[in-house]
Amino acid sequence: MDLKFSISATSETPTRVQVKARNFTMYVDEPPQLGGEDKGANPVEYLLAALAGCLNVVGHMVAKEMNMQLDGLTIDIEGVLNPAKFQGKSNAERAGYKQIDVTIRAKTNAPDDVLKKWIETVESRCPVSDNIANPTPVKLKVTKA
């Protein structure tokens, strides 16, 4: 059975958007060096945050299924991108991240072989990781307000 998730966003300034997801409100903005007012994380930071959130949920779920003790996770993620394409300055490189590096520190007493199986399973089952690693059709349409 498929689940549908959706958001609704309203532009507040050229760099800031208010996003409604269920009963939550988020603000997406750019830092001053990219023309924003720094009133929220920027879109690519939210992407990294979404990945961390997904890895946390799936990590704990898989640990429970494996009967693996997991007393907590610390997840550090960084990605490097060249802003030239999204700024309209160059098409030499892609607009998105060149690579995303994730470091997960698991508070566990599990042996290394169990930890290896755990992280492989987590990576294969994380929807956000899957969306980042594999092409997902995105269909844009525009209408007049």
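In this chain, numbering begins with 1 at the start of the sequence shown.
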Excluding sequence neighbours, so at least two apart, what forms side-chain contact (heavy atoms from CB on, under 4.5 Å) with [X]?
{"X": "Thr74", "value": "Asp76, Arg105"}
{"X": "Val102", "value": "Leu51, Leu55, Ile75, Ile77, Ile100, Ile104"}
{"X": "Lys107", "value": "Asp71"}
{"X": "Thr25", "value": "Gln18, Lys20, Tyr27"}

Minimum heavy-atom separation for [X] to [Y], with atom names?
{"X": "Ala9", "Y": "Val17", "result": "CB-CG2, 3.4 Å"}
{"X": "Ala21", "Y": "Ile7", "result": "CB-CG2, 3.8 Å"}
{"X": "Leu115", "Y": "Ala106", "result": "CD1-CB, 4.3 Å"}

Validation row: [X], [Y] side chains within 4.5 angstrom (heavy atoms):
{"X": "Val19", "Y": "Val28", "result": "yes"}
{"X": "Leu34", "Y": "Gln87", "result": "yes"}
{"X": "Leu70", "Y": "Trp118", "result": "yes"}
{"X": "Leu81", "Y": "Arg94", "result": "no"}

Test: salt bridge (Lys or Arg N to Asp or Glu O under 4.0 Å). Region: [range]. Which pairs qualify, not counting sequence neighbours?
{"range": "residues 52-70", "value": "Glu65-Arg125"}
{"range": "residues 135-145", "value": "none"}
{"range": "residues 30-58", "value": "Arg16-Glu37, Glu37-Lys39"}

Quiz item: How many angstroms lie between OG in Ser6 and CZ in Arg22, if you round to the nearest 0.5 Å?
Solution: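 Result: 10.0 Å between the selected atoms.
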Exercise. State the CD1-CG distance between Ile132 and Leu48, to the nearest 0.5 angstrom.
Key: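 Taking CD1 in Ile132 and CG in Leu48, the distance rounds to 7.0 Å.
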Self-check item: Residues that, via side-chain heavy atoms closer than 4.5 angstrom, fall in one hydrophobic cluster with Val138
Solution: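 Leu140, listed by chain and number.
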Quiz item: side-chain hydrogen bond (donor to acceptor under 3.5 Å, both in side chains) with Lys85: which residues, sequence neighbours excluded?
Solution: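 Not a single residue meets the side-chain hydrogen bond (donor to acceptor under 3.5 Å, both in side chains) criterion with Lys85.
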Show every donor-acceptor pair shorter than 3.5 Å between a side-chain atom in residues 56-63 and any protein atom, with sequence neighbours excluded, or say none if there are none.
{"unit_1": "Asn56", "atom_1": "OD1", "unit_2": "His60", "atom_2": "ND1", "d": "3.3"}
{"unit_1": "His60", "atom_1": "ND1", "unit_2": "Asn56", "atom_2": "O", "d": "3.0"}

Quiz item: Looking only at atom types and distance, does a side-chain atom of Tyr97 sit under 3.5 Å from a main-chain N or O of Val44, one as donor and one as acceptor?
Solution: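 Checking the backbone N and O of Val44 against the side chain of Tyr97, a donor-acceptor pair under 3.5 Å is found.
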Quiz item: Would you find more than 12 non-hydrogen atoms of other residues, nucleotides or ligands less than 6.0 Å from Asp113 atom CG?
Solution: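 Yes, enclosed.
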Quiz item: Taking only residues at least two apart or on different chains, which pairs with a member in residues 128-138 satisfy side-chain hydrogen bond (donor to acceptor under 3.5 Å, both in side chains)?
Solution: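 Pairs touching residues 128-138 that pass the test: Asp130-Asn134, Asn131-Thr136.
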Exercise. Could I get the full list of salt bridge (Lys or Arg N to Asp or Glu O under 4.0 Å) partners for Glu93, not counting sequence neighbours?
Key: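 Salt bridge (Lys or Arg N to Asp or Glu O under 4.0 Å) check on Glu93 returns Lys98.
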